[in-house]
Amino acid sequence: MRPLIPKAKSSPIAIVGGGLAGVDAAWQAARRGVKVRLYEMKPRKFSPAHQSPLLGELVCSNSLRAEALGNAVGLLKEEMRRLGSLVLAAAGATRVPAGKALAVDREGFAAYLTQALEQEPGVEIIREEVTELDASRTTVIATGPLSSDALAAALAQITGQEHLHFYDAIAPIVTADSLDLSRVFRASRYGAGDDYLNCPFTAEEYAAFYQALMAAEQVPLKSFEEPRYFEGCLPLEVMAARGYLTLVYGPLKPVGLVDPRSGRQPFAVAQLRQENREGTLYNLVGFQTKLKYGEQQRIFRLIPGLEHAEFARLGSIHRNTFIHAPGLLSPYLNFLAHPRLFLAGQISGVEGYVESAAMGLLAGINAARQAQDLPLVMPPRATALGALVGHLTNTASKDFQPTNVNFGLFPPLTERTPKKLRGEAYAARALEELENWQRQMLEKE
Ligand SMILES: Cc1cc2nc3c(=O)[nH]c(=O)nc-3n(C[C@H](O)[C@H](O)[C@H](O)COP(=O)(O)OP(=O)(O)OC[C@H]3O[C@@H](n4cnc5c(N)ncnc54)[C@H](O)[C@@H]3O)c2cc1C
């Protein structure tokens, strides 16, 4: 790709972390003619999951997930390709057969990324752990879910300890249009409004649910993941194992709720809380879990009203360093209180290889623009990139958790579209808006 010529003189920027986000950030900035110092602590120091000295290491699966444009992650990848993502170029060059998914040769992929950045004249790779942050220097922090302790401490000083999390306790999210509204009712406890959707259980339905939950398969813990749960966010199955009725006194408590169809308090109630402004997504309150994904779908569809639920996200609990982005990050991915510090990747509050690289790409563009005294940019909300930024800056969300990209994060389509065609309609709208945005961005440079 031809380097973009900078319009203004620029000072070097720092990128901390040479993972999925860091490599795309470095590439974008260097391609804009900005000098980059990319700090990576490997091979001097490894996180508990990293093993290779190469940049852009995939720590687990070798799949970058679905390719089809009718799938949100397929669309995200296409948007990134159009913006010149190095991660997507590496994936294209090293792909291996994987049906409808984009999977890569793990070693080849990381080697491609490492070589591309080593050969890029504007990038200097420094193999050092960064332990302090300088808020007066344009820096992209992309140290990932297993950021080193010193860096996490430096970040906590900036965000406030209470805004930095070390574990995900993610509850599943379902799409609103997959719920059986003839079974659920809208109400808040004790008649204090109607903010929640409530799924009422009879005693028999609860018994069947409980039995299935207790027999379900869990994801084994990684060696570095001690099961140190906070009492406030115990996995559902851990709570259930404490006794047959523990859930009925916990996340499934029915008190203060009356089913308008029976006029009575149900035996138990699962509550769904609205997840986004558009009301297209609901999360299952208190359902953080370590059950296997297939098991979650099977068991949670036993909840009355969720028989045909479509899951935009499944539950999980794992080690993950991330900030509570809403209220702290601007839509340009820099801190509102420290505009020279940008955040990218999993630590910014997205989930997944592709999403992490996507936030790296955006942070790299904006860090370069800041260094060149150009106005910062944000992608349109209707693009997959913009939908993720929308999630990170959604201050209306009461329970912020990292997320994969999914169409529930997008502004709803304005025209009625059959379910089967919705993904493609989201993609067509997104790609058109992306094209206009790219044109406007170039015109203003
Ligand atoms: C165990 C595990 C398994 C995962 N499996 C998957 C999966 O299968 N599929 C998926 O889509 N997502 C997965 N994820 C989630 C996530 O997508 C990946 O972790 C992804 O690599 C995140 O990209 P990143 O750039 O934010 O961080 P990383 O890719 O982890 O990159 C961060 C880099 O920063 C370096 N670093 C850390 N601290 C410092 C410091 N102080 N100074 C300098 N360098 C530093 C690290 O060495 C690392 O190279 C997994 C996460 C974990 C923890």
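Residues meeting the side-chain contact (heavy atoms from CB on, under 4.5 Å) test with Q265, sequence neighbours left out: P254, V255. Residues satisfying the ring pair (Phe, Tyr, Trp, His ring centres under 6.0 Å) test with F400, not counting sequence neighbours, are H324, H391. For the side chain to side chain donor-acceptor pair (under 3.5 Å) test, no residue two or more places apart in sequence or in another chain qualifies with N62. Residues satisfying the side chain to side chain donor-acceptor pair (under 3.5 Å) criterion with S61, sequence neighbours excluded, are absent altogether. Evaluation of the ring pair (Phe, Tyr, Trp, His ring centres under 6.0 Å) rule for H165 yields F322 as partners, not counting sequence neighbours. D180 pairs by the side chain to side chain donor-acceptor pair (under 3.5 Å) definition with S182, not counting sequence neighbours. When the side-chain contact (heavy atoms from CB on, under 4.5 Å) test is applied to K420, no partner is found at least two apart in sequence or on another chain. In this structure, the side-chain contact (heavy atoms from CB on, under 4.5 Å) partners of A358, at least two apart in sequence or on a different chain, are L76, M80, L385. Under the ring pair (Phe, Tyr, Trp, His ring centres under 6.0 Å) criterion, F267 pairs with Y206, not counting sequence neighbours. With sequence neighbours left out, the side-chain contact (heavy atoms from CB on, under 4.5 Å) criterion links P43 to F46, P53, R127.
Formation of a donor-acceptor pair under 3.5 Å by the N366 side chain with backbone atoms of V377 is found in this model. When atom types are taken as modelled, the side chain of E295 and the backbone of E217 share a donor-acceptor pair closer than 3.5 angstrom. In this structure a side-chain-to-backbone donor-acceptor pair under 3.5 Å is present from Q346 to G352. A donor-acceptor pair under 3.5 Å links the side-chain atoms of T417 to the main chain of E415, judged by distance alone.
Note: Y426 OH to T383 OG1 = 13.5 Å, rounded to the nearest 0.5 Å. Rounding to the nearest 0.5 angstrom, the gap separating the CG atom in L361 from the CD atom in Q28 is 4.0 Å.
Here K42 pairs with E57 in a salt bridge; the nearest charged N to carboxylate O distance falls below 4.0 Å. Between R65 and E355 there is a salt bridge, since a side-chain N of the basic residue sits under 4.0 Å from a carboxylate O of the acidic one. Between R429 and E433, no side-chain nitrogen of the basic residue sits less than 4.0 Å from a carboxylate oxygen of the acidic one, so the salt-bridge criterion is not met. Between E79 and R82 there is no salt bridge, since no side-chain N of the basic residue sits under 4.0 Å from a carboxylate O of the acidic one. Note on R189 versus D195: no salt bridge recorded, every NZ/NE/NH1/NH2 to OD/OE distance being 4.0 Å or above.
Atom CG of D149 has 12 or fewer neighbouring heavy atoms from other residues, nucleotides or ligands inside a 6.0 Å radius. Shown here is E307, whose CD atom has more than 12 heavy atoms of other residues, nucleotides or ligands within 6.0 Å. Applying the 6.0 Å contact sphere to OH of Y249 captures no more than 12 heavy atoms from other residues, nucleotides or ligands. Counting heavy-atom neighbours within 6.0 Å of R264 CZ, excluding the residue itself, gives a total of 12 or less.
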Can you list, pair by pair, the side-chain donor-acceptor contacts under 3.5 Å of residues 95-107, counting residues two or more places apart and other chains?
| unit_1 | atom_1 | unit_2 | atom_2 | d |
| --- | --- | --- | --- | --- |
| R95 | NH1 | E67 | OE2 | 3.1 |
| D105 | OD1 | E107 | N | 3.4 |
| D105 | OD1 | G108 | N | 2.5 |
| R106 | NH1 | L58 | O | 2.9 |
| R106 | NH1 | C60 | O | 2.6 |
| R106 | NH2 | C60 | O | 2.7 |

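A centroid separation of 6.0 Å or more is found between the aromatic rings of Y112 and F109.
Between the side chains of Q296 and T289, no donor-acceptor pair is found at a separation under 3.5 Å.
Counting only residues at least two apart or in different chains, salt bridge (Lys or Arg N to Asp or Glu O under 4.0 Å) contacts with residues 205-216 comprise R183-E205.
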